[in-house]
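Here's the structure we're looking at; comments come further down.
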Amino acid sequence: MSADTLQCPDCGTQLAVPARRARGAWRCPCCDSRLSGAWALRPDSLFALTVATAVLWLPALILPLMRLENLGLDREASLLDCVLRLMEGVYFPVGVLLLFTLVLMPLLNLLSAGRLLWAARDHTPSAQPDPFWMKIYRQSREWAMTDIFLLGILIAMTKLGDMATVTPGPGLFCLVVAVLLRLIVETLAQPDQLQRLLEARNGD
């Protein structure tokens, strides 16, 4: 495969690299897999967003998501509490799945994105990161389900509003901002676009 071509990661089709002046999202004509974003990749800005997401992620895990008040009883729970309580009973498989998709994979996504974006920065000494990080970044994008969990929380708050007083907690605010920032990074830092930038910086 020459320097002017690349291979679609989904169907394996050999494609010509588009001109640098071309704009818009680039997709494979055979399988419609998205190969690049609609915007120019800016590693410095995206790395800063990744760090901000990581800073918000810890309080999003341990701070209360919401507070329920009903007949004088107050209850509150964090995201990590929900996962651990599910793992204690008959819903252990569900708890393990939530631990994987809500805790482990988002953390791996942040680590891999941060490592790749740091290497892609213009003033960073040229050093091709281990391909392991790119593989982790691709897989974690598919398995990190915090946005779906957040949607479930918002639906639950709407349903529970008729039976109890529901007060959003600080953990929910951190989770909303962290999810939005992570979605921005994932949208602008497409794996193949990031891979090409790393290869160009290293003269491959």
Side-chain angles (χ1 to χ4, degrees), residues 34 37 39 41-68 75-88 91-121 124 129-158 160 166-195 197-198:
R34 186 168 181 172
W39 309 99
L41 184 60
R42 301 182 181 275
D44 289 303
S45 300
L46 294 179
F47 179 76
L49 290 180
T50 302
V51 173
T53 305
V55 171
L56 289 168
W57 187 242
L58 181 60
L61 286 176
I62 62 177
L63 294 180
L65 293 173
M66 66 178 73
R67 182 177 181 180
L68 296 177
R75 294 183 180 275
E76 59 184 20
S78 66
L79 191 153
L80 198 57
D81 288 334
C82 296
V83 173
L84 294 178
R85 289 178 184 177
L86 283 172
M87 294 179 66
E88 292 176 355
Y91 296 104
F92 178 79
V94 178
V96 172
L97 180 62
L98 290 180
L99 180 66
F100 180 73
T101 58
L102 298 181
V103 180
L104 297 182
M105 295 310 292
L107 289 177
L108 288 176
N109 180 262
L110 291 174
L111 286 174
S112 58
R115 177 65 182 88
L116 295 171
L117 290 169
W118 177 265
R121 296 162 75 235
T124 301
D130 193 319
F132 169 79
W133 289 109
M134 181 59 71
K135 183 177 180 180
I136 290 296
Y137 182 54
R138 291 180 185 274
Q139 296 298 325
S140 61
R141 285 162 55 91
E142 304 295 332
W143 284 98
M145 302 292 182
T146 48
D147 49 341
I148 297 177
F149 181 75
L150 179 60
L151 179 61
I153 292 177
L154 297 178
I155 293 175
M157 291 179 64
T158 303
L160 292 173
V166 182
T167 306
L172 182 60
F173 171 77
C174 294
L175 182 62
V176 169
V177 179
V179 167
L180 290 176
L181 292 180
R182 190 177 69 83
L183 290 177
I184 292 174
V185 172
E186 286 191 359
T187 300
L188 299 182
Q190 295 295 319
D192 290 277
Q193 189 179 15
L194 184 56
Q195 180 69 47
L197 179 60
L198 290 169

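To the nearest 0.5 Å, atoms CD1 (Ile62) and CG (Leu80) are separated by 8.5 Å. Taken to the nearest 0.5 Å, the CD atom of Glu142 stands 9.5 Å off from the CE atom of Met105. In this structure, the separation between CH2 on Trp143 and CG on Asn109 is 14.5 Å, given to the nearest 0.5 Å. If you take CG on Leu194 and CE on Met134, they are separated by 4.5 Å, rounding to the nearest 0.5 Å. Rounding to the nearest 0.5 Å gives a distance of 10.0 Å between CG of Leu183 and CZ of Arg141. With rounding to the nearest 0.5 angstrom, the OG1 atom of Thr167 is 13.0 Å from the CG atom of Leu65.
Using a 4.5 Å heavy-atom threshold, the side chains of Leu180 and Thr53 count as separate.
Other residues, nucleotides and ligands place no more than 12 heavy atoms under 6.0 Å from the CZ atom of Phe173. The neighbour count for Tyr91 OH, taken as heavy atoms of other residues, nucleotides or ligands under 6.0 Å away, does not exceed 12.
Across every non-hydrogen atom of Cys82 and Ala77, the tightest pair is SG-CB, 4.3 Å. Residues Leu181 and Ala52 share a closest heavy-atom pair of CD1-CB, 4.0 Å.
Applying the side chain to side chain contact (heavy atoms under 4.5 Å, CB included) criterion to Ile136, with sequence neighbours excluded, gives Leu108, Ser112, Phe132. For the side chain to side chain contact (heavy atoms under 4.5 Å, CB included) test, residues two or more places apart in sequence or in another chain that qualify with Thr146 are Trp57, Leu102, Pro106, Val179, Arg182.
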